Student: 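Here it is: the structure, laid out below.
These numbers were taken from a predicted model, which means no experiment stands behind them.
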Amino acid sequence: MALSMKSAVARVQAKAPVAKANKMMVWQPVNNKFFETFSYLPPLNDNQIARQVDYIINNGWTPCLEFAAPDSAYTSNTNVVRIQNGATCNYYDNRYWTMWKLPMFGCTDPSQVLKEIAACTKACPDAYIRMAAFDASRQVQVTSMLVHRPTTAKDWKAPDRRQLA
């Protein structure tokens, strides 16, 4: 039995990629801002957003749009109230943005969400817009991603440009 376990481990190790120390990078902590899920990727196009909406709908979650002006989209000492004497578990500064209409309960088609993203972008072209998804059975937000950056935003950089080494 020990021999078969040893050979199984050897087979797994042979197939598993091994991280190379010279390929690891150090995160640049200064002026290197990220948003939520997928923020390391270039801006998503409509087809990619529609695929994310399909995933949200297929999981029974409810999509919702939120927006924020660039000066309040990121956490800073000037636009949030901080908890004194340290942070607490699950405390997120600046997590809540202004909601665009109501959550899209009963949404069954990604085009419905894309239409609302376009309307929100038209009304607030200089705002960041994110799509969140909520799970009603667990009563939690399960994902959130940017679907629009202001044209003036210069915050996105390729991951290799976000590193020190």
Side-chain angles (χ1 to χ4, degrees), residues 15-17 19 23-25 27-76 78-83 87-163:
K15 293 181 182 180
K23 299 291 183 188
M24 295 181 188
M25 297 180 170
W27 177 255
Q28 166 59 271
V30 178
N31 197 23
N32 196 5
K33 301 172 181 175
F34 271 121
F35 286 96
E36 294 93 357
T37 312
F38 305 132
S39 66
Y40 60 92
L41 296 174
L44 301 176
N45 63 35
D46 284 352
N47 184 47
Q48 293 166 325
I49 295 168
R51 291 177 66 192
Q52 295 305 314
V53 175
D54 275 336
Y55 182 79
I56 288 167
I57 293 169
N58 289 337
N59 279 289
W61 303 333
T62 301
C64 176
L65 297 179
E66 301 172 320
F67 63 99
D71 62 339
S72 62
Y74 286 109
T75 301
S76 75
T78 60
N79 65 1
V80 296
V81 175
R82 302 225 184 240
I83 293 179
T88 62
C89 180
N90 295 327
Y91 175 71
Y92 301 100
D93 280 335
N94 202 32
R95 182 167 178 178
Y96 303 102
W97 292 5
T98 304
M99 189 181 300
W100 175 258
K101 299 185 180 178
L102 292 173
M104 294 175 236
F105 301 108
C107 178
T108 58
D109 182 0
S111 67
Q112 296 168 313
V113 178
L114 293 173
K115 180 180 171 187
E116 290 302 325
I117 292 170
C120 185
T121 301
K122 184 177 179 181
C124 309
D126 296 326
Y128 285 92
I129 302 170
R130 67 183 174 193
M131 175 178 60
F134 297 93
D135 182 341
S137 63
R138 293 186 291 163
Q139 297 185 357
V140 296
Q141 178 179 315
V142 289
T143 190
S144 177
M145 66 201 74
L146 284 183
V147 293
H148 173 77
R149 284 181 168 88
T151 55
T152 58
K154 305 291 185 229
D155 56 355
W156 188 83
K157 296 181 212 167
D160 64 337
R161 292 191 54 226
R162 293 181 170 271
Q163 309 297 329

Student: Measure the CG-CG distance between L114 and N47 for me, rounded to the nearest 0.5 Å.
Tutor: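 Spacing of CG (L114) from CG (N47) equals 9.0 Å.
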Student: Rounded to the nearest 0.5 Å, what separates atom CG in N59 from atom CG in D135?
Tutor: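 One finds 8.5 Å between CG of N59 and CG of D135.
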Student: To check you understand the geometry: which heavy-atom pair defines the closest contact between W97 and A73, and what is its length?
Tutor: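 Taking W97 first and A73 second, the nearest heavy atoms are CZ2-O, 3.6 Å.
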Student: Between D109 and S111, what is the shortest heavy-atom contact and its length?
Tutor: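 Closest approach of D109 to S111, heavy atoms only: OD2-OG, 2.7 Å.
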Student: Does the side chain of L44 come within less than 4.5 Å of R51's, by heavy atoms?
Tutor: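 No, side chains not in contact.
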Student: Give, for atom OG1 of T121 and atom CG of L65, the distance between the pair rounded to the nearest 0.5 Å.
Tutor: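 That separation rounds to 8.5 Å.
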Student: Would you say the side chain of R149 lies within less than 4.5 Å of the side chain of Y128, judging by non-hydrogen atoms?
Tutor: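 Touching, per the 4.5 Å side-chain cut-off.
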Student: Which heavy-atom pair separates H148 from P125 by the least distance, and what is that distance?
Tutor: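 Scanning both residues completely, I find the closest heavy atoms to be NE2-O, 3.2 Å.
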Student: Rounded to the nearest 0.5 Å, how far apart are SG of C64 and CE of M131?
Tutor: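 Answer rounded to 0.5 Å: 10.5 Å.
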Student: Write down the atom of A132, the atom of Q141, and the distance for their closest heavy-atom approach.
Tutor: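 Where A132 meets Q141 most closely, the heavy atoms are CB-CD, 4.1 Å.
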Student: Just so I know, are the side chains of P110 and I49 near enough to count as touching, which here means a heavy-atom distance under 4.5 Å?
Tutor: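 No - every pair of side-chain heavy atoms lies 4.5 Å or more apart.
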Student: List the residues meeting side-chain contact (heavy atoms from CB on, under 4.5 Å) with A118, not counting sequence neighbours, and say none if there are none.
Tutor: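 In terms of side-chain contact (heavy atoms from CB on, under 4.5 Å), with neighbours along the sequence ignored, A118 is linked to no residue.
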Student: Quick one: does any side-chain atom of E116 pair with a main-chain N or O of V113 as donor and acceptor, under 3.5 Å?
Tutor: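 Checked: no pair found.
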Student: Return the set of residues passing side-chain contact (heavy atoms from CB on, under 4.5 Å) with T143 (not counting sequence neighbours), or none when no residue passes.
Tutor: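 Expected list: T37, I56, A133, M145.
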Student: Would you give the length of the straight line joining atom CZ of F105 to atom OG1 of T62, rounded to the nearest 0.5 angstrom?
Tutor: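 So the CZ of F105 and the OG1 of T62 are separated by 5.5 Å.
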Student: Say you draw a straight line from SG of C120 to CD of E66; how long is it, rounded to the nearest 0.5 Å?
Tutor: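 Atom-to-atom, C120:SG and E66:CD are 10.0 Å apart.
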Student: Locate the shortest heavy-atom distance separating P150 from P70; write the atom from each residue and the value.
Tutor: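 Looks like CG-CG, 3.9 Å.
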